[in-house]
2 protein chains.
Amino acid sequence: MKILIVEDEPSLREIMVRTLTREQYVVEQAADYASASDKIAAYDYDCILLDIMLPDGSGLRLLEELKKRRNRAGVIIISARDSLDDKIEGLELGADDYLPKPFHLAELSARIRSVLRRHQRDGYECLEAGNVRLWPDSRRVEVDGRPLELLRKEYDILHYFMARPNHTVDKAALAEGVWGDHIDQVDNFDFVYAQMKNLRRKLHDAGADIEIRAVYGFGYKLVRP
Amino acid sequence: MKILIVEDEPSLREIMVRTLTREQYVVEQAADYASASDKIAAYDYDCILLDIMLPDGSGLRLLEELKKRRNRAGVIIISARDSLDDKIEGLELGADDYLPKPFHLAELSARIRSVLRRHQRDGYECLEAGNVRLWPDSRRVEVDGRPLELLRKEYDILHYFMARPNHTVDKAALAEGVWGDHIDQVDNFDFVYAQMKNLRRKLHDAGADIEIRAVYGFGYKLVRP
DNA sequence: CTTCGACAATCAATATCTTCATAGGTATAC
DNA sequence: GTATACCTATGAAGATATTGATTGTCGAAG
């Protein structure tokens, strides 16, 4: 799950990043309107935390832009101005939630979970492939009804595949989706290989009847052999 | 395919028997620990549906006994007690699956199919062509009882042919089946030729009495010369 | 603040796959 | 029968993927 934090105050931004990272999200940040806009154009986020007061423009304008581009990310507006007008305008522009400053980090987490759940791409509750089932809400995986313990990245990767049935995914997109934007100028995919190896072993050992195949020179594909 | 139902409640047992009979299984039943134990000792089952709470003993003990005797039947534990402990203990004792009461009959069927498949007696356990045998689950191949080492694509190709006996397959379909859908707009089949060459050599060197023939302008066919 | 342990990334050594250049086959027309 | 165009096969070279061992990182516990 990828989250973008748009917030100009560094200390608040930092603490948000730390909190959400600890909660297993892939977190990226932007300090102003311009860079936020760039990132949103370039990458795919599941949720965007949007401060309204930015040094170089209003977050509401960014929100407008977002909706115009039909971005699928859920948006939570964050604002110190506890004015009802802002809230109303934000929600009318299509924000999913509104969080007035100051807020508790626990509250932030709860709102995010709620938005993500509501926004979950196709309203699925449980993803299924072969005898493997995956619950995005609880980050749980089962093979033939028995629980399968996966580490963070392993889970993220499996989720990425299962959310895109019958899709051959290219390595760069996978890396970007699971790891985040810092992957862009990377020259090798060793870290993908390493995770892939572990995930494959666990799936196999657990008796899964699906497997992740390499597509030479491109990426991977989840198949039922 | 023989299934034993160990369940003391008559009405539930009956409906299970009817359902599974309709699905072409050979179904037998036992209402208590003693008769279940007798039946298991006397006959060979492919799958055993085991209620944990029995009037004269715990199904878990029966499971233990089963494993001690190295019985090959797949076991699905059924229990009203939805306690995690039971589930864990059952799976640790070697059950193949766990189904909490109440359950849908469709779910039961699905679990049974899954267990049977995993136990490799359902459908094919092994594909055969000439003196070549191939086990899809373990990705193993033997020629005249001698193991044959194949690389990934080589195995995939052989499997593709053996799963379609006496079938002339066209190259595009083969490529799509083995490599995936990104092959669609490809301008040459050099990669197929290369793999084919290696597979053929290995089959020949191993003394296989089958061979893959080219069908000019179309594809390939697996034949016994 | 330090230590520990779990997890993730890196590195180096193979293993595997495709591409390329080239050669050999097969069908059809003349 | 031979010429021609198109298929198919082959070996070697280069590109990509996999693996196990090693090293780094971070949060939690002491």
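First the proteins, then the strands, lettered A, B, ... as listed; each starts at 1. Not measured: the values here are computed from a predicted model.
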Requested in this report: Output yes when a side-chain donor or acceptor of A:D8 lies under 3.5 Å from a complementary backbone atom of A:D32, and no otherwise.
Outcome: no

*If only atom types and distance count, is the side chain of A:Q195 paired as donor or acceptor with the main-chain N or O of A:V192 below 3.5 Å?*
no

- request: Looking at every strand, decide which applies to B:V186 at a 4.0 Å heavy-atom threshold: base, sugar-phosphate, or nothing.
  value: nothing

* Is there a donor-acceptor pair under 3.5 Å between the side chain of B:R133 and the backbone N or O of B:V143? -> no

Here the distance between atom P of D:dG11 and atom CZ of B:R201, to the nearest Å, is 8 Å

**Asked** Quick one: is A:R200 getting a side-chain N or O under 4.0 Å of the D:dT18 phosphate, OP1 or OP2?
**Response** yes

If you draw a 6.0 Å radius around CG in A:N166, do more than 12 non-hydrogen atoms from other residues or ligands fall strictly inside?
-> no

Looking at C:dC20, I'd like to know if its phosphate oxygens (OP1 or OP2) sit under 4.0 Å from a side-chain N or O belonging to B:Y193.
no

Salt bridge A:K101-A:D51, side-chain N to carboxylate O under 4.0 Å: yes

Separation of C:dA6 atom P from A:Y155 atom OH, nearest Å, is 23 Å

Atom NZ of B:K197 and atom C1' of D:dA13 are separated, to the nearest Å, by 12 Å

In whole angstroms, the gap separating P of D:dT16 from CG of A:L174 amounts to 17 Å

Between N or O atoms, less than 3.5 Å apart, protein on one side and nucleotides 13-19 of chain C on the other: list the pairs.
residue	atom	partner	partner atom	Å
C:dC17	OP1	B:K153	N	2.9
C:dC17	O2	A:Y216	OH	3.3
C:dT18	OP1	B:W179	NE1	2.4
C:dT18	OP2	B:Q195	NE2	3.0

inquiry  = Regarding B:D170 and B:K221, does a basic nitrogen lie under 4.0 Å from an acidic carboxylate oxygen?
reply    = no

Rounded to whole Å, the CG-P distance (B:D156 to D:dA17) equals 16 Å

To the nearest angstrom, the CG-C1' distance between B:L199 and D:dT8 comes to 16 Å

B:R213 atom CZ is separated from D:dA9 atom P, nearest whole Å, by 12 Å

Practice prompt. Find out whether B:F161 and B:I212 are in side-chain contact, i.e. whether some heavy atom of one side chain is under 4.5 Å from a heavy atom of the other.
Written response: yes

To the nearest angstrom, the CZ-P distance between A:R139 and C:dC7 comes to 13 Å

